[in-house]
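Shown next, in structure tokens, is the structure this report addresses.
Naming: A, B, ... by sequence-line order, numbering from 1 per chain.
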Protein chains: 2
Amino acid sequence: MQPRAAHTAPMPSIPAISPADLDQTDHRLPLYARLRDVLTRHIAGGAWPPGEALPAESALASAYGVSVGTMRKALQQLVDEGLLERRHGSGTFVRRAQFDKSLFRFFRHAGDTGSGIPASRILRREVTTAGEAPEAALGLPADAPVIRLQRLRFWGDEPFLAEDIVLPHDRFSAFLDIPVEELGPLLYPVYEQACGQVVARAEELLTVGAADAVVARLLRCRTGTPIVSIERTAFAHDGSALEWRRSRGRADGFTYRVEIR
Amino acid sequence: MQPRAAHTAPMPSIPAISPADLDQTDHRLPLYARLRDVLTRHIAGGAWPPGEALPAESALASAYGVSVGTMRKALQQLVDEGLLERRHGSGTFVRRAQFDKSLFRFFRHAGDTGSGIPASRILRREVTTAGEAPEAALGLPADAPVIRLQRLRFWGDEPFLAEDIVLPHDRFSAFLDIPVEELGPLLYPVYEQACGQVVARAEELLTVGAADAVVARLLRCRTGTPIVSIERTAFAHDGSALEWRRSRGRADGFTYRVEIR
DNA sequence: CAGTGGTCTAGACCACGGG
DNA sequence: CCGTGGTCTAGACCACTGG
């Protein structure tokens, strides 16, 4: 999609909505799906500030020259994907901090409040070729270039999670333009805004093992300490794999909550 | 598969559909939601054999005296819940074996195939009052009567999972009429067919701990062996809690897979 | 109160599947 | 070919929110 560089000017606050936007979408898709994609692009581009209302569905419908019912179907899909929130009587809103909720799960120690985002420090960022597990998960050939990230997360001063993150270099080359110091604790918004890559869903695989020497040093525990490992593969709307991530933390005090539907 | 209440007569193969069915639903709900509930009841009652088609949406709509669009919305909700499957050009079908897929997650040991349902043995069934964790999760008063089930699951001869299951006695009294020997490995279909309770979603909470004496005996391991515990609370469509369940198994060889949306 | 999203209708046309 | 579900339209009416 539209990979934007790190230094672009802020978006205009009044988004340019026009029926011509539809021409930039896949003509084979149904109209509501093309509307959904157009709106997704506007939302990802920051056209409407999170927390503020979009135009009314009737206004959007006439702006794009479609019926209200069709626009409703597009909007509803975005609600299902977690991008929008609709409030009866007041309007349609861009959801903020969606990543905390559905695509973000943490190790939690007994004492913490469970709210807030832990601090993180990036230990390394490099371009290499992926190992076996990541490349299989990302569907890449054995020698494809990838961006590899090593990160450590903290509650206060205590490291509790060691992360290895792997991104396909092709889609994420713009990610390398961003100084490591400017990366905040949340990466998915960066993927969206810098690389135009939107995470739609993810799979996680949990296992329990023992700390090896590297992990033990990072987490300040002994080799052999019980460790929980979470391998996550994140996917785009089209089903292609965007990111592979392995997070490891001490098993004591570990808590993982899932909603199943 | 579908264990039906022991003494009931077989269902009629031609379901009696009539607009009067709607009177038995909550009048405060929107029409499509009431249609959804009516259809759920028919499906749970076995009105349409799994794998065979329901009447066409237009036929259903006129049978209930509603418009096609409204009927479509009801049917779509059942698709989202996994009860139905629609195939363009051929029809609407009751899905079989839905419980394997979304509401069923297992401990898996390295060697197993990952397919199939493990055998299970029920060790105890009794009516008591719940402990602290279950009663809080079920939203019951401290001294409410509950049905408590202790169950052990096997891969072949090897026990790998010890389960404690708690059900509110009020809703599940019919469950006690079913002989323990007739209970198969899947309980949710029994809840549906014997007690009319349909599980719509669930929450699971994973933690890692050590085996106490009781669990160690059941799982044939030493006290203190690392153990994974999964606490699940299952909810009905109206949001009320139906079942609390804690499953514990050895941490080595443990695997848990989740899809996040 | 005016404006928003939520429900429901009635119908047209299209795309797919199987006989 | 016919019957199925999928898309899209145009509109009426209701229920909720906020000033």
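Between Tyr191(A) and Tyr188(A), the ring planes lie tilted relative to each other; the angle falls in the 30° to 60° range.
In this structure, Thr92(B) reaches the sugar-phosphate backbone alone: every heavy-atom distance under 4.0 Å involves primed, P, OP1 or OP2 atoms, never a base. Backbone-only contact: Val66(A) has heavy atoms under 4.0 Å from sugar-phosphate atoms and none from a base.
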Scan nucleotides 14-19 of chain C nucleotide by nucleotide, 5' to 3', and note B when protein non-hydrogen atoms come under 4.0 Å of the base, S if they reach only the sugar-phosphate, - if neither.
-> -BBS--
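Arg153(B) is listed as a side-chain neighbour of Pro185(B), based on a closest heavy-atom distance under 4.5 Å. No side-chain heavy atom of Tyr64(A) sits less than 4.5 Å from a side-chain heavy atom of Thr70(A). Using a 4.5 Å heavy-atom threshold, the side chains of Leu138(A) and Leu242(A) count as separate.
Here Phe93(B) pairs with nothing under the ring-ring contact (aromatic ring centres under 6.0 Å, His included) rule; sequence neighbours left out. Contacts of Ser120(A) classified as side-chain hydrogen bond (donor to acceptor under 3.5 Å, both in side chains), with partners at least two apart in sequence or in another chain: none.
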Verdict with reasoning, Ser240(B) to Arg171(B), per side-chain hydrogen bond (donor to acceptor under 3.5 Å, both in side chains) = CA-CA 11 Å; Ser240(B) 60; Arg171(B) 291 169 178 247; 2.7 Å; yes
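No side-chain donor-acceptor contact under 3.5 Å links Arg232(A) to the backbone of Arg245(A).
Listed by residue number, Pro30(A), Leu31(A), Tyr32(A) are the residues of residues 30-39 of chain A with a heavy-atom contact under 4.0 Å to DNA chain D.
Looking at which nucleotide of DNA chain D each of Leu54(B) and Val68(A) is closest to, the 5′-most match is held by Leu54(B).
Ser67(A) and Arg72(A) share no donor-acceptor pair across their side chains, judged by distance under 3.5 Å alone. No side-chain donor from either of Glu203(A) and Thr233(A) sits under 3.5 Å from a side-chain acceptor of the other. Residues Tyr256(A) and Glu204(A) have side chains that bring a donor and an acceptor to within less than 3.5 angstrom of each other.
In summary, contact between chain A and DNA chain D, defined as any nucleotide atom under 4.0 Å from a heavy atom of the protein, begins and ends at dT7(D) to dT17(D) in the 5' to 3' direction.
Remark on the helix from dC1(C)-dG18(D) to dG18(C)-dC1(D): inter-end axis angle 20°, axes from five-pair C1' superpositions, rounded to 10°.
Between the CG atom in Leu167(B) and the CG atom in Leu187(B) there is a gap of 8.0 Å [rounded to 0.5 Å]. Between the SG atom in Cys195(B) and the CD1 atom in Ile147(B) there is a gap of 7.0 Å [rounded to 0.5 Å].
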